[in-house]
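Have a look at the structure below, then the notes.
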Amino acid sequence: MLAKPNRIVRADDYRNTVRRGRKSATAHCVVYVRPESAPTDAPRFGFIVAKTVGNAVVRNTVRRRLKAVSHELLASGFPPERTDVVIRALPGSDAVRWSTLLQEITEVIGAKGVKR
RNA sequence: UGGGUCGGCAAGACGGUCGCGUCGCCUCACCUCCGGGUGCGGCGCCGAGGAACGUCCGGGCUCCACAGAGCAGGGCGGUGGGUAACACCCACCCGGGGCAACCCGCGAGACAGUGCAACAGAAAGCAGACCGCCACGGCGCACCUCUUCGGAGGUCGCCGGGGUAAGGGUGAAACGGUGGUGUAAGAGACCACCAGCGGUUCGGGUGACCGGCCGGCUCGGUAAACCUCGCCCGGAGCAAGGUCAGACAGAGAACGAUUCAGGCGGCUCGCCGAGUUCUCGGGUAGACCGCUGGAGCGCUGCGGCAACGUAGCGCCGAGAUAGAUGACCGUCCAUGCCGUGCAGCGCCGAGAGGCGCUGCACGGCAAGACAGAACCCGGCGUAGCAGCCGGCCCAUUCG
């Protein structure tokens with residue numbers, strides 16, 4: 001779905017993106033976008049799924065669907081280079097239809113960034 | 001056919017589009033101390049569970065003296081086996097439940113000692129006696145019978161000192177149970193059977209125990225109360241532990257070296273032994289190893305009632321670290337509900353027909369249990385929708 005270079009893996013990077021990135025909410029997620037922060041050209045994604053969302057199986061599924069959404073975005077060239085994105089899933093996001101989820105996040109990311 | 005009981009299997013299938021992680025191979029690029037390393041891309045293999053879960057037991061592994069001894073503490077508790085080990089498993093015994101298959105039991109000891117038992121009941125542990133039963137003695141404006149008229153006998157009531165514990169009632173439990181003999185009334189006082197106890201007794205079994213014989217007739221429960229007995233247990237845990245890289249800033253106090261500084265959870269011994277502990281302040285929490293081939297899995301043979309053991313052959317089946325093992329779509333498969341049609345059965349109706357149940361076909365909708373590895377095994381416990389298969393038992397029908 002998402003290759004290693006497209007993932008945020010350091011706690012510091014999460015912290016900076018959540019604190020300093022621009023924040024916008026959809027019906028099921030909170031999205032933080034911070035441009036010009038990644039060390040390489042590749043945009044990076046990170047995901048936060050709290051225990052309030054569900055048990056381990058549900059959290060895994062939610063995170064995998066968000067990764068699939070991010071992959072769709074990358075394929076259509078949406079997040080600009082060197083941009084960090086953190087998506088925080090809210091309770092209830094396990095029951096959303098796939099098309100709805102994709103549309104919501106695409107709108108938010110598309111409004112924040114310029115198409116490459 | 002219906003009901004019950006025990007056990008096993010499986011954990012939706014197939015396809016398409018786009019992807020992820022470990023490992024192996026290849027191409028290209030870069031670096032090189034020429035061993036190799038890093039990165040992009042391609043191909044191939046593999047990629048969650050029966051409970052991966054809870055973390056309740058037991059082990060492996062690692063470190064803590066050389067992992068030792070005693071005490072304390074903890075765990076276990078029918079017997080015999082299995083196992084690396086267990087609180088697990090198998091077989092058997094005993095007790096209880098069930099017509100039965102089968103299920104259930106925190107299954108040692110109450111003649112070592114201490115303690116406990118609400119309510120009820122006369123009485124709860126050592127014998128005793130509330131109601132009652134029984135003779136004996138005394139008393140009576142009581143009653144009946146006989147009378148030689150003096151009284152005698154009996155019934156009833158009261159009192160007295162005795163005998164007795166069968167019956168009543170309470171309780172979870174009342175000093176054996178049932179039936180008889182016996183007696184003034186009764187009682188293991190005696191007898192038969194049963195239950196329990198004891199035996200230098202006989203037989204069976206490795207054993208727990210079982211059966212027989214003999215004996216005198218009897219002695220409560222509770223150890224998920226203290227306790228006693230037997231067996232077992234050193235502690236901490238993969239953030240164990242180790243290598244490399246990197247960062248910072250030290251200061252003060254106490255104790256101590258042929259040793260009771262300190263270390264091995266507590267105490268004593270024993271061992272090791274040169275730095276240890278505390279306070280204030282500051283810093284790092286990166287990479288690699290451990291890390292997955294193992295008490296491993298499958299088949300067949302042999303031993304064993306079984307758990308299991310063993311031999312041969314074959315196989316390799318996850319190693320992530322903001323944490324891979326997937327996302328979306330389609331078809332089929334079971335499942336539930338609704339509708340339509342057909343068939344069978346039952347009921348209602350004079351009839352046309354109507355209603356209900358079951359099965360099949362088609363269409364639509366819903367929806368796919370519980371749940372996600374993190375050092376690894378063996379168990380236990382818990383969660384769990386709908387299924388499939390088999391053994392056994394009971395009832396019924398037919399032969």
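By convention in this document, chain letters (A, B, ...) are assigned in the order of the sequence lines, proteins followed by strands, and residues within each chain are numbered from 1.
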What is the pairing partner of B:G73, taking Watson-Crick or G-U wobble pairs with both distances under 3.5 Å in any strand? B:C233

Compare side-chain N and O positions of A:Arg63 against OP1 and OP2 of B:A322 and report whether any pair is under 4.0 Å apart. no

Non-hydrogen side-chain atoms of A:Val86 and A:Ile48 separated by less than 4.5 Å: yes

The glycosidic conformation of B:A225, counting syn as within 90° of 0 and anti otherwise, is anti

Value in whole Å for how far the C1' atom of B:U17 lies from CD of A:Glu72: 10 Å

Applying the 4.5 Å side-chain criterion to the ILVMFWY set and letting contacts propagate, would A:Leu102 and A:Val96 be lumped into a single cluster? yes

For the pair made of CD in A:Gln103 and C1' in B:A327, what is the distance, rounded to whole Å? 18 Å

Expressed as a whole number of angstroms, how long is the span from A:Leu66:CG to B:A322:P? 18 Å

Base of B:G323 relative to its sugar, syn (within 90° of 0) or anti? anti

May I have the distance from A:Leu73 (atom CG) to B:A327 (atom P), rounded to whole angstrom? 18 Å

Hey, any chance A:Leu66 and A:Tyr32 share a hydrophobic cluster, counting ILVMFWY side chains that come within less than 4.5 Å of each other, even indirectly? no

Partner nucleotide, any strand, of B:G312 [Watson-Crick/G-U, under 3.5 Å]: B:C299

Check the geometry between A:Tyr14 and B:A322 and answer yes if their rings are stacked (centres below 5.5 Å, planes below 30°), otherwise no. yes

Is B:G188 in the syn or the anti form, by the rule that syn lies within 90° of 0? syn

Taking pairing as Watson-Crick or G-U wobble with both contacts under 3.5 Å, can you name the mate of B:A101, or confirm there isn't one? none

What is the nucleic acid contact for A:Arg59, judged by heavy atoms within less than 4.0 Å: base, sugar-phosphate only, or nothing? nothing

Relative to the 5' end of RNA chain B, which residue comes earlier, A:Ile8 or A:Val57, by the nucleotide with the nearest heavy atom? A:Ile8

Pairing partner (Watson-Crick or G-U wobble, both distances under 3.5 angstrom) of B:A307: none

Write down the partner of B:U17 under the Watson-Crick or G-U wobble criteria, each distance required to be under 3.5 Å. B:A327

If I take atom CD1 in residue A:Ile87 and atom C1' in nucleotide B:A327, what distance separates them, rounded to the nearest angstrom? 14 Å

Per the glycosidic torsion and the 90° limit around 0, nucleotide B:G150 is syn

Need to verify one output field. Residue with the more 5' nearest nucleotide on RNA chain B, A:Phe47 or A:Asn55? A:Phe47

Nucleotide forming a Watson-Crick or wobble pair with B:G387, both distances under 3.5 Å: B:C9

Side-chain heavy atoms of A:Val85 within contact of A:Thr17, under 4.5 Å: no

When you check the phosphate oxygens OP1 and OP2 of B:U325, does a side-chain N or O of A:Arg64 lie under 4.0 Å from one of them? yes

To the nearest angstrom, the CG-C1' distance between A:Asn60 and B:C20 comes to 13 Å

Provide, to the nearest angstrom, the distance between the CG atom belonging to A:Asn6 and the P atom belonging to B:C40. 11 Å

Nucleotide forming a Watson-Crick or wobble pair with B:C362, both distances under 3.5 Å: B:G339

Counter-base of B:A135, judged by Watson-Crick or G-U geometry with both distances under 3.5 Å: none

Give me the distance, rounded to whole Å, that separates B:C392 from B:A101 when you measure between the P atoms they each carry. 14 Å

Below 4.0 angstrom from OP1 or OP2 of B:A322, is there any side-chain N or O of A:Arg44? no

Can B:G107 be described as syn, meaning its chi torsion is within 90° of 0, or is it anti? anti

Quick one: A:Arg88 CZ to B:A322 P, roughly how many Å, whole number? 17 Å

